[in-house]
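Working notes for the structure below.
Since the structure is predicted, the reported quantities are computational estimates derived from the model, not experimental observations. The sequence lines fix the lettering, A, B, ..., with proteins before strands; numbering per chain opens at 1.
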Amino acid sequence: MKMTGAQIICESLVREGVDIVFGILGGAVLPFYDTLPQFPQLHHILVRHEQGAAHAADGYARATGKVGVCFATSGPGATNLVTGIANAYLDSAPMVAITGQVARPFIGKDAFQEVDITGITLPITKHNYLVLEASSLAKTVKEAFYLARTGRPGPILIDVPRDVFIEEAEFHYPSKIDLPSYKPTLEGHPAQIKKAVKLIDEAQRPVIIAGRGVSISGAYTELKQLVETAQIPMVTTLLGIGSFPESHILNFGMLGMHGMAYANMAVDAADVIIAIGMRFDDRATGRVSGFAPNARIIHIDIDPAEIGKNVRVDVPIVGDVKAVLKELNKLVAPTERIKWVQQLEDWRKEHPITEDSHSAGLLPQYIVHQIYQMTKGDATIVTGVGQHQMWAAQHYWYDKPNRFISSGGLGTMGFGLPAAIGAKIGCPDSTVWLIDGDGSFQMTIQELATIAQENVAVKIAIFNNGYLGMVRQWQELFYGKRYVATSLTCPDYVKIAEGYCIPGVRVTRREEVIPAIAQAMAASGPFLIDFLVEPEENVFPMVPPGASLIEFIERPRNMVKALSDSAKLPVSNI
Amino acid sequence: MPTKHTIVALVENKPGVLNRMASLFRRRGFNIESIAVGLSETPDLSRVTIVVDGATTMVEQVRKQLAKVIDVVRVSDISDTDLVARELALIKVKASSVTRSEIMQIVDIFRANIIDVGTDSVTVEVTGDEDKINSLFNLLRGFGIRELARTGRIAMTRGGSNSLREKEAPKTHTRKPKT
Ligand SMILES: Cc1ncc(C[n+]2csc(CCOP(=O)(O)OP(=O)(O)O)c2C)c(N)n1
Ligand SMILES: [Mg+2]
């Protein structure tokens, strides 16, 4: 059957099971948008800035595990996607971005709104395409989705000239993928697995570091089995949060720059590290030369290029985490490690997570805690980037995968609001809270309009400290308290919300926190809470830049108020 | 310790592939000494030979990152194998009626060829490994070099097997069949 290029793309998207797309139109994609109504299965969400489209697709992808899709027009539309594409690339989120391009005769002529978007996105996509004839569109879309979600997932961009949308071609959706150059290794090498088992069985002080690869590969039960059988204490990276129940006794929380002291101590003291689906980011490892100085390292990852990139590895295993763990589990001996686990328990007691005992103000940790309690630990939390992000990671306990959605690798302020939209639209039955900073929120604040237009029931908690807080913290600790360009004059967020017909309240005191959260939860649609939090509260512990994990600094002893772990809800079953 | 590595790759013969490779070298700070591209024995695939000077771990990253590029079909670091490597150079040398015969003698010794003669210059074609070309170049330098063009190294393993096919270097471990 003959179809136009635009119809071919839509039909191909439908075949890939796409039902939600995010985007903004423009001249180059007009013929494409014109055909959208012929495909009622594709619900288009109009965002207010293309960065929002990319982040929404990313949030959608992380919450659902499906490929997120976004559209933009040529030129500025395409360049506005760039931050969102880079964000998805660094966090291995599956995404397909479709951009319009000027018509073929104009390519290379610096035509109106022409930009070389395949050139620009070369280093931030897993792969990209400029499609020069309608007859290759179906194959390209098929390949793009396959590449986006398999192996190590990532964003794929398809650039389509305006006249290719209009050109007619025979529609034929390929049933098979023919990519001789792309064959991700799934099964781990048996000899390597044996070596790993030997190391694990002989280890006195093993620690597992779980990264986002665990949830990408859906290996929760396999990880749980390994942890419980061999009694291996585990920690997670920022994006590994939720890959193992945080209320589980053997989960010692997040490691890294703002990781738990006891998690960093565990890694520092370990004699064997089993790194699973993670990539030794510098925020996770601290100074590399001081990372896990006594440990031999087993590294399991699907991307061979990650192995040995940042940290020397003793036993590399290239493969899909789930498949590799399955094999490991067949061989690892059940072990008791009472002394080692007890040691970590002691460290956990000696170095609890804390808040400032001196402050009479509204403390962000307290708010996160209340959101945790009131949502019974069962919400999806999306964040911006900064202090609030770290508090959201530290003080909410995530027992299920894909419930903590945050920009890790790129650290993109402005990710939160659009990503929360994507997460909520992808999982309409889940409770989605955005915990955002006042600085981050203002970077994509225009997406409140998207929320209003689509009535997306996201609950928004702004941690309004009047600062680019994380940077202010660095200035306080490492730049002699010289606060240069970090103070923010903020708008009245409740009024702003009102302007978008979104209800909201301001909270300035502790007593108001619970009622406000209750009000937000009772609202059927979106709701915004502007929390005026203690302006100069800091995130602790902190590993100073350039220091190794064990050199973390904690809140000054005289200011410590321990937040008890007993507040944790009972372990849920996954 | 930095040493020279010879990496060979088979890549899809599509627009932009070289750009993808070059972009990768630039972004990751890999210093490429030479890169030579041309057809291979397979119609749709081009053969690329890259010479990298660097520590083994860095070169290993080059190889792995190249392997990740979707249009790169196979990559192999053949430095540790027994290989034949050649480079071609064209050298345009100043030559007067006085010096011409001396230049021709040197060219003969190197089993190089003179492929063009001008009123005051000759153009020498030489094939060999880098050392041979360097030596010839150094000897000719005294006469005055007008122009130099070098192709960069191309290489393959010795013996009957294909440098990229039968030996080593599938992009990753081969997948084990499930039992
Ligand atoms: C797009 C972008 N620009 C700049 C930064 C650098 N940066 C990191 S955290 C931060 C401050 C964030 O402020 P806010 O959103 O108010 O969060 P807070 O730390 O106050 O909780 C800045 C500017 C960034 N991560 N992203
Ligand atoms: Mg702030």
When you check the gap from the basic side-chain N to the acidic O, do Glu306(A) and Arg279(A) get nearer than 4.0 Å?
-> no
Picking from Gly308(A), Gly319(A), Pro123(A), which has the most non-hydrogen pairs under 4.5 angstrom with chain B?
-> Pro123(A)
Give a yes or no on whether the backbone of Arg146(B) and the side-chain of Lys92(B) come within a donor-acceptor separation of less than 3.5 Å.
-> no
Flag the pair Phe280(A) / His299(A) as yes when their ring centroid distance falls below 6.0 Å, and as no otherwise.
-> yes
Given side chains that start at C-beta, do those of Val11(B) and Asp71(B) come closer than 4.5 Å, heavy atoms only?
-> no
What part of Arg20(B) is in contact with chain A, defined as an atom under 4.5 angstrom from a non-hydrogen atom: side chain, backbone, both or neither?
-> both
Answer with yes or no whether the side chains of Gln61(B) and Lys64(B) bring together a donor and an acceptor at under 3.5 Å.
-> no
Under a 4.5 Å heavy-atom cut-off, does chain B meet the side chain of Asn128(A), its backbone, both or neither?
-> both
Heavy-atom distance under 4.5 Å to chain A: side chain of Glu12(B), backbone, both or neither?
-> side chain
So, the side chain of Glu87(B) versus the backbone of Glu130(B): is there a donor-acceptor pair under 3.5 Å, distance only?
-> no
Do the non-hydrogen side-chain atoms of Asn134(B) and Phe137(B) ever get within less than 4.5 Å of each other?
-> no
Below 3.5 Å, can you tabulate the donor-acceptor pairs from side chains in residues 132-145 of chain A to any protein atom, sequence neighbours excluded?
{"from": "Glu133(A)", "atom 1": "OE2", "to": "Ser136(A)", "atom 2": "OG", "distance (Å)": "3.1"}
{"from": "Ser136(A)", "atom 1": "OG", "to": "Glu133(A)", "atom 2": "O", "distance (Å)": "3.0"}
{"from": "Lys139(A)", "atom 1": "NZ", "to": "Glu143(A)", "atom 2": "OE2", "distance (Å)": "3.0"}
{"from": "Thr140(A)", "atom 1": "OG1", "to": "Ser136(A)", "atom 2": "O", "distance (Å)": "2.6"}
{"from": "Lys142(A)", "atom 1": "NZ", "to": "Pro174(A)", "atom 2": "O", "distance (Å)": "3.4"}
{"from": "Glu143(A)", "atom 1": "OE1", "to": "Tyr129(A)", "atom 2": "OH", "distance (Å)": "2.7"}

Chain B contact residues among residues 146-160 of chain A, heavy-atom distance under 4.5 Å = Leu147(A), Arg152(A)
